[in-house]
Structures are given as C-alpha cells and as structure tokens.
Number of protein chains: 2
Amino acid sequence: MSVRLRPIQALKLWHEVGLTMVRRHGVDLTSRQMVVLLTIYLEPPPHTVRGLAQKLGVTKPVITRALDAMGDLDLVSRRRDPADRRNVIIQRTVRGALFLEEFGDLIVESAQVLAP
Amino acid sequence: MSVRLRPIQALKLWHEVGLTMVRRHGVDLTSRQMVVLLTIYLEPPPHTVRGLAQKLGVTKPVITRALDAMGDLDLVSRRRDPADRRNVIIQRTVRGALFLEEFGDLIVESAQVLAP
DNA sequence: GTCAATTGTTTCATAGCCGTATCATAATGG
DNA sequence: CCATTATGATACGGCTATGAAACAATTGAC
C-alpha cells in the first residue's frame with residue numbers, strides 16, 4: 001500500500017506538524033539530530049558514529065555532538081563495543097522510543113485533518 | 001480525500017525526506033524558519049512580523065531574524081506597508097515558491113517509495 | 001614489540017539562534 | 001503640539017552548531 005499524497009497536501013502536512021512542534025516548546029531537535037534519531041530507531045543495528053556520518057554525508061563530530069545532545073535528553077545511549085573497543089554502539093532508550101511514537105502519532109493525526 | 005498514513009510510515013517518510021535534505025547540502029532552515037516559510041506560502045496574506053510571532057507562539061525577534069536569514073537566501077522579501085508604515089508586509093519570491101514546490105515534490109516522491 | 005591504520009572525541013575559531021530589554025519610527029488621541 | 005501606543009529592528013549575553021585539525025585509545029600488520 002503506497003501513500004497517496006499530493007504536493008500541496010504534503011506541504012500542509014509539514015506545516016501543521018512543524019507548527020505543533022514549535023508551539024509545544026518541548027524537545028527541539030536540529031534537522032540533522034532528527035535524522036540521526038530516526039535512523040537509529042528505524043534501521044537495523046548496530047549503529048556507529050562512523051556509519052551514521054557516512055549515511056548522512058556529514059563529519060564525525062556532527063554525529064558525536066548530536067549524540068551528546070540527544071544523550072542529555074535521554075533519547076539515545078552509547079556503549080563501547082566489547083568486541084572492538086574503538087567502536088561505540090548507539091542504542092535506543094525508552095524515552096527515545098516514546099518520543100518517536102508520539103511524533104508518529106502527531107503526523108498521522110495531522111494527516112487526517114488535511115483538507116480534501 | 002484524507003491521507004492514509006500509519007505511524008511507522010509517517011516516521012519513515014520523515015526519515016527519508018530529512019535524509020535527502022541533509023545530504024543535499026543546500027538550503028538548511030531551522031524548524032522555526034521552515035514553519036514561517038510554510039505559513040507565508042500556505043496561508044492568505046497579508047503576513048506581518050507580529051502576526052507570525054503570535055501564530056507560532058514565539059517572540060518578534062525570532063521572526064525578524066528568520067526573515068533576515070530567509071531574505072538573504074531570497075526565499076521571502078519585505079516591504080513597508082504604505083497604508084501604515086509601521087507594518088512590514090512579508091512577500092513571496094520566485095525562489096521561495098520554487099523551493100517549496102521542489103520540497104513538496106520530494107515529500108510526494110518519498111511517500112510513494114514507502115514500503116507497504 | 002613497534003608502527004601504521006582506525007575509531008571516536010576534543011579543541012579551535014567561526015557563525016548562528018535564542019529571549020530580554022531597549023531602541024527608532026510611525027500612528028493616534030487629547 | 002505632545003504624550004501614548006504600536007510596530008519592527010537592534011544590542012546584549014548566553015548557548016549551541018559547524019568544519020577542520022589535532023588528539024587519545026585501540027587494533028592489526030609486520
């Protein structure tokens with residue numbers, strides 16, 4: 001099942017969701033941070049700094065700092081890889097899963113309200 | 001016609017669109033800037049600094065600076081209102097319209113690729 | 001054991017955004 | 001007129017993000 005969506009509806013959807021997030025004054029992530037978070041939760045593990053940097057086409061410090069910021073918010077966590085201690089394994093958290101669950105619901109609700 | 005969309009698809013859609021925008025290394029707007037831009041293009045004019053600030057629930061300087069940034073990118077323009085010269089009327093630009101048109105198309109394309 | 005390669009982090013200098021408070025300009029009302 | 005109100009812009013101090021470069025820790029090859 002593909003999702004039917006026309007450009008104008010798509011823009012209205014982005015508008016509505018963005019408006020809700022801005023007004024909510026809660027967690028405010030950069031677009032890059034958001035992509036990192038979604039990658040961690042939507043794609044199969046393991047996730048490393050290097051892998052995420054390559055996938056997004058950004059430098060490693062960008063990933064490190066995004067993980068710092070989201071770690072402070074308890075949206076992700078980090079562990080050294082026991083097998084190769086140079087690697088850092090990025091893991092999901094309960095709070096991160098909850099945040100994205102609510103975010104997905106917000107999008108769905110916004111989509112349902114879209115004018116015909 | 002309402003848009004059918006389930007939470008997991010919604011998150012995948014956000015992921016895909018965000019990934020494309022980050023990789024593109026082009027125009028990189030804040031979430032607030034994006035909401036301002038979409039408001040200007042989707043809602044009926046006239047748009048003022050004060051009106052946008054109220055709608056988004058942010059302070060006026062946030063709007064002024066967002067308009068500065070987007071004005072530098074030629075995504076919006078400003079004119080004094082001849083009737084009441086305290087007001088500033090925010091206007092659309094060709095480049096802004098083109099940018100959002102492409103963005104809408106990107107969302108639609110991403111939606112079509114979503115796995116069932 | 002030693003040296004090179006790999007990984008993630010930190011440092012550095014720069015740039016941008018934020019909210020509060022203040023400012024300059026313009027309209028309005030007595 | 002002159003005081004008051006309204007609008008948008010600016011100054012300020014603080015915080016955060018950025019890329020490039022240097023860094024420490026670890027692994028692997030010889």
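Distances shown here put every side-chain N or O of A:Asn87 at or beyond 4.0 Å from the OP1 or OP2 atom of D:dT26. OP1 or OP2 of D:dA9 lies within a sub-4.0 Å distance of a side-chain N or O belonging to B:Thr64.
Between the side chains of B:Thr39 and A:His15, at least one donor-acceptor pair of N or O atoms lies under 3.5 Å.
In this structure, B:Ala69 reaches the sugar-phosphate backbone alone: every heavy-atom distance under 4.0 Å involves primed, P, OP1 or OP2 atoms, never a base. In this structure, B:Arg85 reaches the sugar-phosphate backbone alone: every heavy-atom distance under 4.0 Å involves primed, P, OP1 or OP2 atoms, never a base.
For CZ of B:Arg85, the number of neighbouring non-hydrogen atoms (other residues, nucleotides, ligands) closer than 6.0 Å is 12 at most.
Of the two residues near DNA chain D, A:Pro82 and B:Arg78, the one whose nearest nucleotide lies more 5' is B:Arg78.
Contacts of residues 22-42 of chain A with DNA chain D (heavy atom under 4.0 Å): A:Arg32, A:Gln33. Residues from residues 46-62 of chain B lying near DNA chain D, meaning a heavy-atom separation below 4.0 Å, are B:Thr48, B:Val49, B:Arg50, B:Lys60, B:Pro61 in numerical order.
Of the possible polar contacts, none joining the B:Arg95 side chain to the B:Leu75 backbone as a donor-acceptor pair under 3.5 Å is found. Between the A:Thr48 side chain and the A:Asn87 main chain, no donor and acceptor come within less than 3.5 Å of each other. Checking side-chain atoms of B:Arg92 against main-chain N and O of B:Ile40 turns up a donor-acceptor pair under 3.5 Å.
B:Ile63 pairs with exactly one of B:Ile90, B:Asp68, B:Val49, B:Val88 by the side chain to side chain contact (heavy atoms under 4.5 Å, CB included) rule, that one being B:Val49.
Closest approach of A:Phe103 and A:Val17 over heavy atoms only: CE1-CG1, 3.8 Å. In this structure, A:Gln91 and A:Arg79 approach most closely via the heavy-atom pair OE1-CD, 2.8 Å.
A donor-acceptor contact under 3.5 Å is formed by the side chain of B:Arg65 with the base of C:dG19.
The B:Arg80 side chain lies nearest to D:dA9 when the options are D:dA9, D:dA6, C:dG19.
What separates CG of B:Asp84 from C1' of D:dA6 is a distance of 8 Å, to the nearest Å.
Separating the CG atom in B:Leu11 from the CD atom in B:Glu16 is a distance of 13.0 Å, to the nearest 0.5 Å.
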